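By convention in this document, chain letters (A, B, ...) are assigned in the order of the sequence lines, proteins followed by strands, and residues within each chain are numbered from 1. Everything numeric in this text was worked out from a predicted model, so none of it was measured.
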Protein chains: 2
Amino acid sequence: MGLAAVSEENLLKLVEVEEPDENDYHLQEQVGFILRKAHQRHVSIFAAHIADLTPPQFAALAKLRDVGETSQNQLGTLIAMDAATVKGVIDRLKARGLVELSKHEVDKRRLLVNLTAQGRDAIERLIPLARDITEETLAPLSQKEVATFMKLLAKLA
Amino acid sequence: MGLAAVSEENLLKLVEVEEPDENDYHLQEQVGFILRKAHQRHVSIFAAHIADLTPPQFAALAKLRDVGETSQNQLGTLIAMDAATVKGVIDRLKARGLVELSKHEVDKRRLLVNLTAQGRDAIERLIPLARDITEETLAPLSQKEVATFMKLLAKLA
DNA sequence: TTGATATCATTTGCATACGAATGAATTTTT
DNA sequence: AAAAATTCATTCGTATGCAAATGATATCAA
């Protein structure tokens, strides 16, 4: 069998032997790409259940409910947002009367953030919906798969 | 044992029996929150390896390498970006000479996108780095865990 | 054919997200 | 205490990401 008789399929196999990876990079199989899509899907589910708040805004309120009054920076650390991002989120929550700001008496650099009564009402009301969001996001998995997935995902976060 | 003698721990247990979930919502255990953090970590790893391109920009180039010339909208579908987002990404790639645009001869609505020679060089050069990025992102997992995780993640995306 | 729909692209507005630079206040070091 | 380093917050610039509105073109249906 001469070289000219080699089928295209077999030629590709030969090439693969010589250059193992060069040609078989598939974007849709990369963690980063799928992670981005999974996140997109979750945000979409979130928006369908909670229309008037974004996930980062919800995270800020939920965390303030947990820890009570904290500095803006500290809150950012707790919800994995850098200083510039958290400022915007808090500004918008403040504009809507869900949080209130005050200056730290001792350390004048710090800006304290806390829930308002309205903010507390809102987060209490939304938490049941957030449970639904988590459930719907994980719906494609069985109960056992959920446990496995959460364990592995946590390792990557 | 009178009520006053109930320890705080046991009191909490009693409360939990009466109100199963009301108080134990933990943001850091929710899929959405961890998904967001995992994505953040990946983007950070990406930036450490490929400084001059963002993940969406890389995705556009990688997909164009796969499929060749396509319409802007079609490309957006392939890399999971809506029309408004893909436009910005393509505009920036065009400004850097990595892609070129042309009008579809038959369907005058369509804007065709393709790699330039420079864009092709760039993506070929970057793909090995992208493999490293994927590897580093998944580094906290064993080989078996990677297989499991990718299977489950794909179900959620 | 024409009238209703659908598709492609663009634009606007809003909300993350983060690097980098800056200024104010605090803490550490010398 | 004075100098150096750190921390907290803000601002600026750039880049997604998406909903909604718009205009141009194509397709479908009556």
Side-chain angles (χ1 to χ4, degrees), chain A residues 32-33 35-48 50-61 69-96 98 101-113, chain B residues 32-33 35-48 50-61 69-96 98 101-113:
Chain A
F33 184 73
L35 219 39
R36 176 170 147 272
K37 288 215 302 175
H39 183 247
Q40 277 178 0
R41 173 169 167 273
H42 170 260
V43 171
S44 166
I45 291 170
F46 188 102
I50 300 181
D52 59 339
L53 226 53
T54 65
Q57 288 167 0
F58 175 87
L61 296 183
E69 190 173 57
T70 20
S71 74
Q72 202 174 253
N73 254 25
Q74 176 60 16
L75 180 61
T77 300
L78 294 171
I79 58 180
M81 272 177 228
D82 73 9
T85 301
V86 83
K87 186 189 187 306
V89 172
I90 294 302
D91 279 354
R92 284 180 284 275
L93 291 175
K94 177 180 188 288
R96 294 175 53 179
L98 299 176
L101 305 178
S102 57
K103 290 175 187 167
H104 188 108
E105 285 302 315
V106 180
D107 188 338
K108 293 175 188 171
R109 293 170 306 179
R110 295 190 195 166
L111 187 64
L112 296 175
V113 190
Chain B
F33 184 73
L35 219 39
R36 177 170 146 273
K37 289 214 301 174
H39 183 247
Q40 277 178 1
R41 172 169 167 273
H42 170 260
V43 171
S44 166
I45 291 170
F46 188 102
I50 300 181
D52 60 338
L53 227 53
T54 65
Q57 289 167 0
F58 175 87
L61 296 183
E69 190 174 57
T70 20
S71 74
Q72 202 174 255
N73 253 24
Q74 177 60 17
L75 181 60
T77 300
L78 293 171
I79 58 180
M81 271 178 230
D82 74 10
T85 301
V86 83
K87 185 189 187 307
V89 172
I90 293 303
D91 278 355
R92 285 180 283 276
L93 291 175
K94 177 180 189 289
R96 294 174 53 179
L98 299 176
L101 305 179
S102 58
K103 290 175 187 166
H104 188 107
E105 285 302 314
V106 180
D107 188 338
K108 292 176 188 171
R109 293 170 307 179
R110 294 190 196 167
L111 186 63
L112 296 175
V113 190

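- Looking at B:I50, B:V89, B:L98, B:I90 one by one, the single match for side chain to side chain contact (heavy atoms under 4.5 Å, CB included) with B:Q57 turns out to be B:V89.
- Residue B:T54 has no polar side-chain atom (N or O) positioned under 4.0 Å from OP1 or OP2 of D:dA15.
- The minimum heavy-atom distance between B:E105 and B:K108, with the atom names listed, is O-CG, 4.5 Å.
- Closest heavy-atom contact between B:L35 and A:A38: CD2-O, 3.8 Å.
- Taking atom CG of residue B:L53 and atom P of nucleotide D:dA15, one finds them 11 Å apart after rounding to whole Å.
- The two atoms that bring B:S71 and B:V113 nearest to each other are C-CG2, 4.4 Å, heavy atoms only.
- B:I50 places its CD1 atom 16 Å from the C1' atom of D:dA15, with the value rounded to the nearest Å.
- One can place NZ of A:K37 at 12 Å from P of D:dC18, the figure rounded to the nearest angstrom.
- When the side-chain contact (heavy atoms from CB on, under 4.5 Å) test is applied to B:K94, the partners found at least two apart in sequence or on another chain are B:V99, B:L101.
- The separation between B:I90 atom CD1 and D:dA15 atom P is 14 Å, rounded to whole Å.
- Taking atom NE2 on B:H39 and atom C1' on D:dG17, their separation rounds to 11 Å, with Å as the unit.
- Between B:D91 atom CG and D:dG17 atom C1' the separation is 15 Å, expressed in whole Å.
- Distance CG (B:L98) to C1' (D:dA15): 16 Å, rounded to an integer number of Å.
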Show which side-chain atoms of residues 39-46 of chain A pair as donor or acceptor with protein atoms under 3.5 Å away, not counting sequence neighbours.
unit_1 : atom_1 : unit_2 : atom_2 : d
A:Q40  : NE2    : B:A80  : O      : 3.1
A:R41  : NH1    : A:T137 : O      : 3.0
A:R41  : NH1    : B:L156 : O      : 3.1
A:R41  : NH2    : A:E136 : O      : 3.3
A:R41  : NH2    : A:T137 : O      : 3.4

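- Scored by the salt bridge (charged side-chain N to carboxylate O under 4.0 Å, His left out) test, A:K87 finds A:D91 as partners (sequence neighbours excluded).
- Separation of atoms CZ (A:R92) and OG1 (A:T54) is listed at 7.5 Å; rounding is to 0.5 Å.
- Within 4.0 Å (heavy atoms only), B:V43 reaches no atom of the nucleic acid at all.
- Applying the 4.0 Å criterion to OP1 and OP2 of C:dT16, one finds that B:R36 has every side-chain N and O outside that range.
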Where protein sits on nucleotides 22-27 of chain C, one letter per nucleotide: B base, S sugar-phosphate only, - none, heavy atoms under 4.0 Å: --BBS-
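- Counting to the nearest Å, the P atom of D:dA15 and the CD atom of B:Q57 are 7 Å from each other.
- Legend: residues meeting salt bridge (charged side-chain N to carboxylate O under 4.0 Å, His left out) with B:R110, ordered by chain and number and at least two apart, are B:D107.
- Taken residue by residue, residues 71-87 of chain A places heavy atoms nearer than 4.0 Å to DNA chain C at A:D82, A:A84, A:T85.
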